[in-house]
Each structure stands twice: as structure tokens, then as C-alpha cells.
Amino acid sequence: MTTPSDSTDATGGHLGGNPGSGETTLTNLATVREGAPGSATGAALGGLLGATPTAPAPVDTPGTETAAAIRAQRSGIGVSALREDAPAKAMGVYPYAADLWAEGLLWGALARSPYAHARMVSIDTRAALAIPGVYAVLTADDLPPGPDGTPNGAPTGPCIADRPILAAGVVRHHGEPFAAVAADHPDTARLAAASITVEWEPLPALTDPDQAFQAPPLHPDGNIFRQLPIRFGDPEVVGEVVVEGMYQVGRQDPAPIGAEAGLAVPRPDGGVELHVATTDPHGDRDRIASCLGIEPDRVRLVVSGVPGATADRDDLGFQATLALLAARTGHPVKMVLTREESFLSHPHRHPALLRYRHHADAEGRLVKVEAQILLDGGAYADVSSEVLANAAALAAGPYVVPHVFVDAWAVRTNNPPSGRMRGEGALQACFAYESQLDRLAAALDLSPLELRRRNVMATGDLLPTGQAVTCPAPVRELLDAVADEPLPPLPVDRPDAEWLLPEGPGGAGEPAAVRRGIGYAVGMVPMLGVEGSDEVATASVRVTGSQASVICAAVDPGTGFATLAKQIVQEVLGVDDVYIAPVDTDQPASGPSARGRQTWVAGGAIERAALMVRQQLLQPLAARFAMSPELLSIKDGRITSYDGVLGMPVLEALEGKDLWATAQCRPHPTEPLNPETGQGDAFVGLGFCAMRAVVDVDIDLGTVRVVEVTAAQDVGRALNPRQIEARIEAGVTQGLGLALMEDLTVAEGHILAPSLVGYRLPTALDAPDIRVAALIEDRDVVAPFGAKAVGAAPAVVAPAAIAAAVRAATGMPITRLPIPPEDAAV
Amino acid sequence: MLPASLDEAVSAMAESPGAVPVAGGTDLMGAVNAGLLRPMALLGLGRVAELRGWQYQDGAALLGAGLTHARMARPDFAALIPALAEAAATVGPPQVRNVGTLGGNIVSAHPAGDTLPVLAALEATVTLVGPEGGREVAVSHLLTGLDPLRSGELLAYVRVPLLHAPQVFLKSGGRTGPSRAVASVALVLDPARRAVRCAVGAVAPVPLRPLEAEQWVAGCIDWDGERTVDPGVAQAFGEYVASACVPDAGAEAAAARTDAAPTTARLRRTVSVLARRALGRALS
Ligand SMILES: Cc1cc2nc3c(=O)[nH]c(=O)nc-3n(C[C@H](O)[C@H](O)[C@H](O)COP(=O)(O)OP(=O)(O)OC[C@H]3O[C@@H](n4cnc5c(N)ncnc54)[C@H](O)[C@@H]3O)c2cc1C
């Protein structure tokens, strides 16, 4: 077993080095052993990784200056602490939802629609029920009926409840579940699901979002999820230079490393306990309870190891049917989706069609932006209205534009479901407005960099929604930072020189046909939920002796939030040993781990709770020293008075104490956009990012290799620089996937290749060198610690930067993502 | 079942008719794990040493079906049959090359199987061994189903003529990382017969030979001199091959495969570029 380098990182060594320490935390967790943060199954890790040698605990070393200096590097905010789950994940021993087990469990399976749109004339489950080993076959008839007393499939959804758990009467997308089976073997369950006979009446599939306006409604709610106009400035204004373009963004899949899986255990009170890899435990609990027709407190969700989530993860139909199967059979039920089912059922990125017209004056200053945006929301509402708001409100990009007119629609189709995926809405708009700026630069004969410099926004400028940007907006600095970085060397075409060509090692690439291109892009993303969504999180912090523990229901789906939570407590309390409790719905809610909100709201709640504990700790000391607690500070594990005269180690002050506090964080409220004008203060804050991409294109084959991506990001404050770099690397790689290869191809509403052979993800060879030119730390005063969310921005900007570079290399317009090779061949 | 010799393997196959042979398992086990295939029994070929090497026989190499892609990609093998080594080197990621075999690649007969166009261009034959003994079948006949593998038969050897002349395999996957071929071209020179043989992979269910284009370009080469052609000829050859191998219906054949189908225009262009480059490299 390899061990984390113990000379540099105490937190790495801490992993499992303190067996049983969790037992001393709050009583309701007494049964949970120390585990991986944010994960109940992670509890097993204590045993697995117990052999990892512990770094010499800093507190054991005498308080010499060097020890203090080392300690200062090891914990608290601004330190690149290693994630606790990293070694286990790298070694493949981290337990995920698919690894769950219960004695006597049954296996669940779902029967799915082979049609994109069809009526179910009749459904016969007798053959399935007759198969030995089958315990239950459930359909919409087994769910609570709708208001008119007929089965409606118990529809649910994050914004509008329109997606049935099991289709009732009609299916609206390929792979929509219409029945659920529990059996004593996974094969039996699948076989039973396949032997349910349905008399189908296929209906015409609406697959072109453009047709959604005229087509007969696919759902009683109609075909338009939302229409949002933005009216800002004077519609009559025209610029001296006008450029127009039409852009298209494909369907990206979140392709989590692990497909959906979970275990449901019935409870004696008729409720269920669900062990699932959710990112929104409380939201899912409430929605599942309402689908099942029981009270929320009879459903308990325990968050298991999450094998990848870019925002939302499981679709609720999976979780709710799993719960229902357990409740009906009285047995624990496990369900593991195949990769194919995973592709069919979970939400994808909204495919988009964007038409833009940019007006500028002769000097290249933007005068007006006109845009039409059409998002394909798939069959059900999901979060389409929110995604649309992001796309429309950010349609002009991080630029000063006095006149902006946008018409945006999200529509219903029979295509696969669309939903939340890192940078939703912002990404589609970024590709379009950045492509337009390149076009404008060409029309004005300016360099794309110079044109951007002339137009970038700064703090105080207005968004097209009329909202003033009050947070730091260092767009110019970000752009300069990436532009100032040295360029990667040009390859030399010599037999002995290593040159990775666009077709890869041993591929058909030809050095003479390779052109290099450099492209720039800037973009922005909203922080937290928009348009009045109530963002709130609760956290408890407790200190007992030398250990602090955090109870907060914010799920860490691999983003590293648990590491940040630990660093926050270390910073505020000066205690190194911080235990992060696994998440379940017995804890107070913290909301979904999406929209880059946890660092802000959950992190803010943890900070407040820690500060309250700190106050309890310092108050008696201050009284003893006869000074106010404000004059005491905690640094390097010591409490010191303002004049440095009085002081003691934190651990000594804590001896025999048991302090705890619970706090909430609720950022300042936002308001919905006006449905006629699109005006309103809809955003809590914005984050910005700039990138420079360098690509090599084989112009005969149209194959692109991204050589390097240099990023500069507005982070407010770097709470954990290495973790931010990891987020940037992840975002760039995901963005590269969308830019070059990831597209879930659909024909007539059918996903053609729902597998990882047909859906191509970037590999290590496709990933470029990723460099971070700057993390600009301009603190956002309204955010806890001044820190901004960092996950989404890189994914939003990378596709635009790569497209710009391909444009520069080939001279082709590049208007589609992923870029088809024929668009990049000259 | 893990037989240690070819004879043992053949009799084991005869004894349990439901058994399916497994070599590297990179194709087979994926199907088994996904529940698409439930073989009665598996017959592991990994211990059959005689299938893992090669020998020489009358100016040809007799390759064991159990040769892994990684082994074929090594320099000593590349000196022998360069195009096959190049093809083997581009099969999937290293993990797959380390266990995936030549025999498995042929029997799987995936349209994008990388060794297939090379074997077609080399006009290789295979030895199939069954309870009644062995028989020799042309690779192209095996692949087209003209003369398929019979039940109880194993693919034992692949006979490849040694041409002692440049040969090239070029594959386009449309990306930098490992990928199935969107299109591939194998091109070999046969100076003794003054012939150029070319096969295009991945555009149809089996590799296609553009016979007229081969003959035409062979006539353009000065076989006794420098063996070069002017760029115009290479360009025309590329287009000739592309129009022969990617008919307008080509896209449909490609759509029958699992991955996203490239458009006919793109496929033609890619094949044309690959054929032009392959000829250029073979003659340089
Ligand atoms: C991730 C990944 C990437 C891949 N990329 C590529 C690629 O780029 N190019 C490519 O060409 N292929 C690729 N493949 C496919 C595969 O690796 C190759 O086709 C490989 O050569 C198969 O060999 P194997 O020994 O693993 O075959 P197996 O899976 O063991 O067998 C395949 C089939 O052949 C039969 N068989 C095997 N040996 C014999 C024998 N001696 N006699 C009779 N029948 C036999 C088996 O019964 C089975 O039906 C990829 C596979 C994976 C998993």
C-alpha cells in the first residue's frame, strides 16, 4: 500500500489513523465509525486504510517555531490539504453505492419504453409475476393516484412535478420506466421486466425542438417549459459593424464513473431507509415521500459513496421505485442500473440552438447584442426553467453591452431528458457569444484578444437583466493573466523528437498537415441558485477534547467539500483533528450539492457554527484574563491575547470541555426575472474565468488535439489551491469532451449507442497540459471567506476556448459542438 | 477448461459442444459480463503455448492465433510484417493490447478490427483445426462468411506471406486517445509481382479491396527505378480508393455499427487522405 507523503501532509496521514474517534462525537452518531467524509459506506475505510502510517501529529511536537511553521502549512484555510478519500479512490477500495449489501436482499429491475413516444393501450404483468423468484411487479397503478382518482404515475420534479415515477398511459422518451420488478436474482428481475406485455400504440415522436411550438402538446402542461425575453436598452440602435451567427451545442452526458445504484431497506413503520448516491438527500427524501404518499419522516436517506456527479445524479424515478419495491415486498431491495440504462434515464446537458447578432462601433466597442436561444428540455420539465434563465441572463457574456435583446425558450420534446450539468445554460451561451466575438474581431480586423480587452466588464457594470455586478469581476486581469503566459514550444518535425499528433501514437497523423491555433475565451457563471431560490444550509460543530466534529448534510460527491469543511474548522478553532460525519436525512438540510453552492452556504454555516464554539471557548478565558474575547486570537494551535502577553495552547483550553453549536447560512435573497422584460436581481453573485487554448489540427482529416489549456480564474479566495486546480483540470477535461467528442447521438428520439464505446469520453491521451496562470483572489465580501464557487466556470469556458483555437488554426467558422471533423478540415 | 496443447484443446471442444473458446477475453468477457452471452463452458486458450509464437514456412510466417497485440507491436515482429505490427500497436489501450490476440480479433470480425484490413491486403490464410483435422481458408473467405468457422473448430494459425517490401497501416479514430477506427487503410507493396495491394477497414462489415485502384497505381510505379510516384498520382489514388470503398450507401453500413456514424462525405475524405498518405509512406 502506498502512503500519502507524511512529511508534507498531516491530513493525508490522518486517514484512518485515529480509529474509533468518531465514537466520541454526537450521540446520534455513536454507531458510526470514522469514515470517508460525506459517505456512510466510507465508514468501512477506517478498517481498510488503518494500516496507513500516521504522520507525526503536529500537536505532539514541542511548540518550537519550526514545528509551528510546519503546522501552519498543514491545516486551515489556504492550504492544499489532501482529500481523505483520495488514497482509497486511487487504490480502488472506496465503497460506492453499488457495493452495498443487506442480508436477504432482492434485486430490482425496471421495464423501460422501447419507444420515444407511445400510448400504452394495455399492460399485462401476469407472465412476469408467474416467474419463480419474482416478488413484486409494480406499475403506475401501484402508486398513489392523481387528483382525479386515476393513476398518473405520481409525477415529481425539482421545479414542476411532471415526470411520472412510472409512466401512466403514455411514455414520452426512449427508456422511460413503466414498471418495476423485485426478484431474488438480478437476472430473474430483468427477465421478469422483459416479460411484461404491453400493447403499444406508437405516436409520432417530436424530436426537433423547433417543431415544439406548433406540434400537438406532448403533456397536459404544454410544450413550452418557459419563454424568457430580455429587454435591455433601445431596440432601434444599430452598430457600424454587424456580425451574425448560428450555433449548436450537442447533448453531453454526465457519464459518472459509476452508474446509478442503491439499496432500500423497509422500516417497521411502513417507511423505508434508502442508501443511495444522492447529491440532494433532503430534496430527494421529500419528493420520494410524496410519490409514495407517506410523510417525509418515514423516509430516511443515507448517502453512500457517490461515484461521480456533476450536479444532480440519480433520477428520482430510480430512487422512488426502489423505495416502493422495498415497502411492498418487505425485503431489502438493491438495484444497480446498467450503463445503458444510466444513459437512458439520467438528465443530460440541454442541447441548444443559438442565433446571435452582435453590433459594434468602428472601434470594436459592443453596441448591441440580439440573441435567440432554444433549449431542448427533453420530455419533462426538470430544471429547464432555471437553465433557461442562466442562458438568457448571461447571453451577452462578461462584456459591457448597452443594449441587449434576448428571446429564449426551453421546450418539451421526446428526446432524452435534460437537466442540470456543471455550468448549465451558461456554457451554451458562452460558446455562442465567444464565437461571435471571434467573428467580430475578424470583421473589424482586430485581434480577438484586443477586441475582448475593449469590452470586458468590471465591478459596477450592468448585466442585461439590469442587475449591477457588485462582486469582484476581474475579467480584464484574467484575460491578461492567460495572455501573458509563455506559449508551449512548437513541435519539431524530426524522427527523434517526440510529437504527439492529432491522431495519437501510431495513428494516421501527418506532421505536414498539422496547423497550430491559439484561441481565447472568457465566461461567467452564476453562484448558487437563481431567481429567488431559497439557498440555506445548516451545520453543527462540536468539540470534545482534542477533536472537532462537523455534522452537515452537504454531500461531497467528489468535489472535495468535506476537505474544505475540515479546513474551515481547523482555521476557526485551531484544532487539527476534525471529523466529518457521514450524511443522512436525520441531520438538518443543507440543500443540493449543485450550482456551486456548498462552499458558500454549507461552508458558511460551518464557519458560523465554529465561530460560535470559538466564542464559548474564549469567553471564560477572556474573563480569566480580564479582557474582552475579541482581543484573543487563535493561531497555530495557540490562543494569544492581542498584546501577545497572555496565551495557552488551544488543546489545553479545551481540556475536559464539550462545546457545540448549530448555525445556518442563508445568502441574501434574489428575485425572479420579470416575465415580460427579463429584468431583476436574479443572481447572488458571479464567477469568471479566462482560458487560452492551443490546438494542433490535422487539416486534412479534421482531427484536433488540444495541446495546452491555460486558465485564470476568479476564485475570491483560494481555500485549497490544489483542490481548485483539480476542479480546473476536471472542468477543462469535461469541456474538451464536449468540444471534441462527447455527443449522445439520437435518432428519432432513440439513443443510438448508450454505451461507453459509442459515447466517447476523453482519455489521458486526449487531455491537454493544463496550466493555471492565476487564481485571482479578490474577495467577494458577501461570500463566507470571500470565496467563490470554482467548479462550473472552467467547464463553461473550455469549449469556447478550444473552438476559438480550432477556428484560428483552420480559418473555419466552427459553429457546432462537438466540432465534427468535417468542420475542422480545410 | 485450460488445455495445454492444441490437440487437447480440439478434443476438449469436441467433448463439450457448448464450450466457447476464450483467448484474451477482451471481446468475449465484455459480452458475458453484460449478460449478452451465457456460454455453457469456457475453454481458455491461454496455456496453449504453440499458439503464442510464430515460425517460418516456405517464405511465409505462420503466426499463432494466441499472439497478443503487444507482442506483435514489438520491433522484431515489426521488422517481419510492418503493417500488422502497426495495426496491433493501435488496438485500444495498453491493457487490451497486453491480452487481446490476433485470433480473437479475426474471429470477432468486428468491422473496425484493426488487423483485418492488413490480413486482407496481405492475402493471408488461416488454419482452422477441428476434430477432422486442419484446413486452410483465406481470411477474406472467413470474414465474408463464404467459408466460416465450423462448430468445434479452432483458429490455430495465420499464414502471412513475407514480402520484404514497405507496407503501411494507417488508422483514423478522430481523436488523440485510443479509439476504434473510423476508417483504416492497409497498403502493401509486392515487388516480386509488381503489385500494390490495399484494403480499407471499418467502412463496411468486412475489409474492402479497391482492386482497380490497386492495378492502376501499380502501373504508375517505376518498379525498377526509384519506386516513387508524383503527388498528383497519390492524390488521385486516394480518391479512387475512397470512391470505390465508400459508395453513397456507405453511411448506412457504418450506421449499422454501434458508434456515431460519420457522414459519407467525411468517410470518403478520410479514406482518401489515408490512402494517399499510405501510398506516400510506402513509396518514400
Ligand atoms: C477497451 C477496448 C478497446 C478495444 N479497441 C480495439 C481496437 O482499437 N481495435 C480492434 O481491432 N479491437 C479493439 N478491441 C477489441 C479486442 O480487444 C480485439 O478484437 C482483440 O483482438 C480480441 O482478442 P481476444 O483474445 O481478447 O479475444 P476473445 O475476447 O478472447 O475472443 C473473441 C472471440 O473470438 C473467439 N476466439 C478467440 N480465439 C479463438 C481461437 N483461437 N479459435 C476460435 N475462436 C477464438 C472467442 O470465442 C470469441 O468469440 C478493443 C476492446 C476493448 C475492450
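Chain identifiers are assigned alphabetically (A, B, ...) following the order of the sequence lines, protein sequences preceding nucleic acid strands; residue numbering begins at 1 within each chain.
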message = Can you list the residues of residues 90-105 of chain B that sit under 4.5 Å from chain A, counting heavy atoms only?
response =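 B:T90 fall under the 4.5 Å cut-off.
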inquiry  = Quick check on the structure: residues of residues 269-284 of chain B within a heavy-atom distance below 4.5 Å of chain A, by number.
reply    =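 The residues closer than 4.5 Å to chain A, in numerical order, are B:R269, B:T270, B:V273, B:L274, B:R276, B:R277, B:R281.
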Counting heavy-atom pairs under 4.5 Å to chain B, which of [options] comes out on top?
options                        : answer
A:P186, A:A508, A:G506, A:P505 : A:A508
A:L744, A:L501, A:V706, A:D187 : A:D187
A:V704, A:D698, A:T338         : A:D698

task = Could you please state which residues from residues 730-739 of chain A sit under 4.5 angstrom from chain B, measuring non-hydrogen atom to non-hydrogen atom, sorted by number, or 'none'?
result =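 Near chain B, by residue number: none.
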key: Within 6.0 Å of CG in B:L37, more than 12 heavy atoms from elsewhere   =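 Yes, enclosed.
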ask   = For B:P178 and A:L765, which heavy atoms make the closest approach, and how far apart are they?
value =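 Result for this residue pair: CD-CD1, 3.9 Å.
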Region of A:A764 in contact with chain B, defined by heavy-atom distances below 4.5 Å =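 No part of A:A764 comes within 4.5 Å of chain B.
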task = Sorted by first residue and then second, give each side-chain hydrogen bond (donor to acceptor under 3.5 Å, both in side chains) pair with at least one member in residues 162-179 of chain B; sequence neighbours left out.
result =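 Non-adjacent pairs meeting side-chain hydrogen bond (donor to acceptor under 3.5 Å, both in side chains): A:E503-B:S172, A:R760-B:S179, A:D766-B:R175, B:D114-B:K171.
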